[in-house]
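So you know, we letter chains A, B, ... as the sequences are listed, proteins then strands, and number each from 1. Hydrogens, waters and symmetry mates are skipped; everything else that's a heavy atom, side chains included, is used.
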Number of protein chains: 2
Amino acid sequence: MSETEQTQKRSAGRKATISREDIIEAALRLVGPHRSISSLSLREITREAGIAPNSFYRHFKSTEELAVCVIELAGSTLRKVIGQARFRAQELNKGIVRMSIETFIEQLTSDGHYLPILLREGVVGSDRFKLAVRQQLNFFEQELTEDLIAIAQRTSSTPARPELIAKAITRLVFAMGTDALDHPKEDHNEMIDELVMMIKMLITGAHAIARNQPVN
Amino acid sequence: MSETEQTQKRSAGRKATISREDIIEAALRLVGPHRSISSLSLREITREAGIAPNSFYRHFKSTEELAVCVIELAGSTLRKVIGQARFRAQELNKGIVRMSIETFIEQLTSDGHYLPILLREGVVGSDRFKLAVRQQLNFFEQELTEDLIAIAQRTSSTPARPELIAKAITRLVFAMGTDALDHPKEDHNEMIDELVMMIKMLITGAHAIARNQPVN
DNA sequence: AGTATTATTAGACAAGTGTATACGAAAGAC
DNA sequence: GTCTTTCGTATACACTTGTCTAATAATACT
């Protein structure tokens, strides 16, 4: 009996080794439709990770640092996914816009909840948070701008204010994504259609305007 | 001495009467760029209002109820302001779009912070929160749809999917508004220009598409 | 006037929070 | 092997939180 107690105490009293990733995963497990990272308490996270509260500090200076870390992870993961979608779109000869949007919305319900995190954390929390999220948004915007320019050149038309369109599209997609978050998955297809239509409106509108006012 | 003590105790020990409005105002004073209503604690609010924690319950069942109340107040106030802007636009013969957007962005920095509240609370918090915010967004969308139809009829062209445009515009405006929140006021004019341009793209794009595919 | 009702308070409770200090186990250096 | 350093833990502290109970001030009623 004392033996079991001892072995138990040994295994329970000390974790072999804790990695930053373990803590991040624990945090990811906790965020949900009603919990933003900013609202997670240090103790909650360590409890979920199965470690002592103080151990947290060995890996992160504060919960804020962890949050920024998670945001960056979410952003880079998502960009990777979308990048693959663009690639697949070329292979399948499917519309780049539609393919990207579909992939994006898919990410709403995929594991890791990276997209919801990005959608949420940009609005609340400290300046560091918002900055981190805005940075990720900017990355999206930038890549999209390049895409638009490339497409325009391929169709041998002058790109009509690609940065502005990219900005609008990014905002639209993220806003509609936030919307979709609170809708059942059955509605997603319809929302995708709407979103694709909106984007087409934007692009054709930009072209129409550019044609009427060549240099403004 | 005992007299002063007594009078002090009388005035300090008991507030004459507390109104729901007092509590709402206190809450409004506390929300800022880094604090959402959802993150306010009951005690914080009562402290700010200068009342005892328990007194809160006489007026609101929970902080959630207060929050929903504030959201609705923010929404109706804003719709009123935008409505006036539309009216003024007709008088001044200024573009309705531009006028509305200008008014909207102005509200970002106006007292009460109604717009920031609406922008923030839709993303975090309980379902009741989100529902309340979504409802306000829907009101905006609805009014905008009617406007679009009216404008289209005035220019005697068939309205091209007004609900969809209204949805897109609403999302765009709110998203860009959130953006503007974290930018200094000097940048707002430029952002207004961008936003107006985006909206024009949307509308002309919608018309162009409708013209090419009359009935789809 | 005096009484009844209602609104506000004070005080206390258990639970949860972030963090400081001090201690013990694991692993690396020699 | 021992020594040192690193890493995880335990305990403790002061603080905040939401809510319960009971007491008391203000108001309304007659």
Side-chain angles (χ1 to χ4, degrees), chain A residues 2-27 30-31 34-70 124-126 128-129, chain B residues 2-27 30-31 34-70 124-126 128-129:
Chain A
S2 73
E3 197 182 8
T4 352
E5 205 176 51
Q6 207 177 2
T7 45
Q8 275 207 347
K9 201 173 239 165
R10 185 161 64 73
S11 66
R14 185 79 152 91
K15 271 267 153 55
T17 157
I18 304 171
S19 68
R20 279 171 73 101
E21 282 69 30
D22 290 337
I23 299 181
I24 291 181
E25 276 170 26
L30 287 175
V31 298
H34 301 305
R35 302 298 312 267
S36 63
I37 319 181
S38 11
S39 76
L40 295 181
S41 78
L42 186 147
R43 286 182 114 105
E44 238 176 328
I45 298 168
T46 55
R47 214 181 298 134
E48 173 70 27
I51 61 174
N54 258 325
S55 305
F56 183 89
Y57 293 118
R58 301 268 179 206
H59 301 274
F60 296 97
K61 217 189 71 198
S62 62
T63 49
E64 197 181 56
E65 192 184 303
L66 165 67
V68 171
C69 204
V70 170
V124 283
S126 69
R128 281 186 64 193
F129 272 56
Chain B
S2 75
E3 198 185 6
T4 353
E5 205 176 50
Q6 208 178 1
T7 48
Q8 275 206 348
K9 201 174 241 164
R10 186 161 62 74
S11 66
R14 185 76 153 89
K15 270 266 155 54
T17 157
I18 304 170
S19 69
R20 277 169 75 101
E21 282 70 31
D22 290 336
I23 298 182
I24 292 181
E25 277 170 26
L30 286 174
V31 300
H34 301 306
R35 301 300 311 268
S36 63
I37 320 182
S38 12
S39 75
L40 296 180
S41 77
L42 185 147
R43 284 183 115 103
E44 240 178 327
I45 298 168
T46 55
R47 215 181 297 133
E48 173 69 28
I51 61 174
N54 256 324
S55 306
F56 184 88
Y57 292 118
R58 298 272 172 194
H59 302 274
F60 296 98
K61 218 188 72 196
S62 63
T63 50
E64 198 182 55
E65 191 185 305
L66 165 66
V68 170
C69 202
V70 170
V124 284
S126 69
R128 280 186 64 191
F129 271 57

Practice item. Would you mind reading off the distance between Phe60(B) atom CZ and dG18(D) atom P, rounded to a whole angstrom? Key: 15 Å
Study note, to complete from the structure: Closest non-hydrogen contact found for Ala27(B) with Leu40(B) is O-CD1, 3.9 Å
Review point. Taking atom C1' of dA7(C) as reference, at what distance in whole Å does atom CG of Asp22(B) sit?
Key: 14 Å
Study note, to complete from the structure: Scanning both residues in full, the closest heavy-atom pair of Val31(B) with Ser36(B) reads CG1-C, 4.3 Å
Practice item. May I ask you to evaluate whether Ser55(B) reaches the phosphate of dA7(C), defined as a side-chain N or O under 4.0 Å from OP1 or OP2? Key: no
Check your understanding: Does Leu42(B) offer a backbone N or O that forms a donor-acceptor pair with the side chain of Thr46(B) under 3.5 Å?
Key -> yes
**Study point:** Between C1' of dT8(C) and CD1 of Ile51(B), the distance in whole Å
**Key:** 9 Å
Practice item. Using modelled atom types only, decide if a donor and an acceptor are shared between the side chain of Glu65(A) and the backbone of Lys61(A) within a distance under 3.5 Å. Key: yes
Point to revise | Options dT8(C), dG8(D), dT9(D), nucleotide nearest the side-chain atoms of His59(B) | key: dT8(C)
Check your understanding: Is there a donor-acceptor contact under 3.5 Å from the side chain of Arg20(A) to the main chain of Ile24(A)?
Key -> no
Quick test: give all pairs of protein nitrogen or oxygen and nucleotides 18-21 of chain C nitrogen or oxygen below 3.5 Å, distance rounded to 0.1 Å.
unit_1, atom_1, unit_2, atom_2, d
dG18(C), OP1, Leu42(A), N, 2.8
dG18(C), OP2, Leu42(A), N, 3.4
dG18(C), OP2, Arg43(A), N, 3.0
dG18(C), N7, Arg43(A), NH1, 2.3
dG18(C), O6, Arg43(A), NH1, 3.0
dT19(C), OP2, Tyr57(A), OH, 2.2
dT19(C), O5', Tyr57(A), OH, 3.2
dT19(C), O4, Arg43(A), NH1, 3.3
dA20(C), N6, Asn54(A), ND2, 2.3
dT21(C), O4, Asn54(A), ND2, 3.1

Check your understanding: How long is the line joining CD1 of Ile23(A) and P of dT9(D), in whole Å?
Key -> 10 Å
**Study point:** Quiz item: Arg58(A) side-chain donor-acceptor pair to dT6(D) base, under 3.5 Å
**Key:** no
Review point. What is the distance, rounded to the nearest whole Å, between atom CZ of Phe56(A) and atom P of dC7(D)?
Key: 16 Å
Point to revise | Spacing between Ile18(A) atom CD1 and dA26(C) atom P, to the nearest angstrom | key: 13 Å
Check your understanding: Given His59(B), which of Asp22(B), Ile23(B), Ile51(B), Leu66(B) fulfils the side chain to side chain contact (heavy atoms under 4.5 Å, CB included) condition?
Key -> Ile23(B)
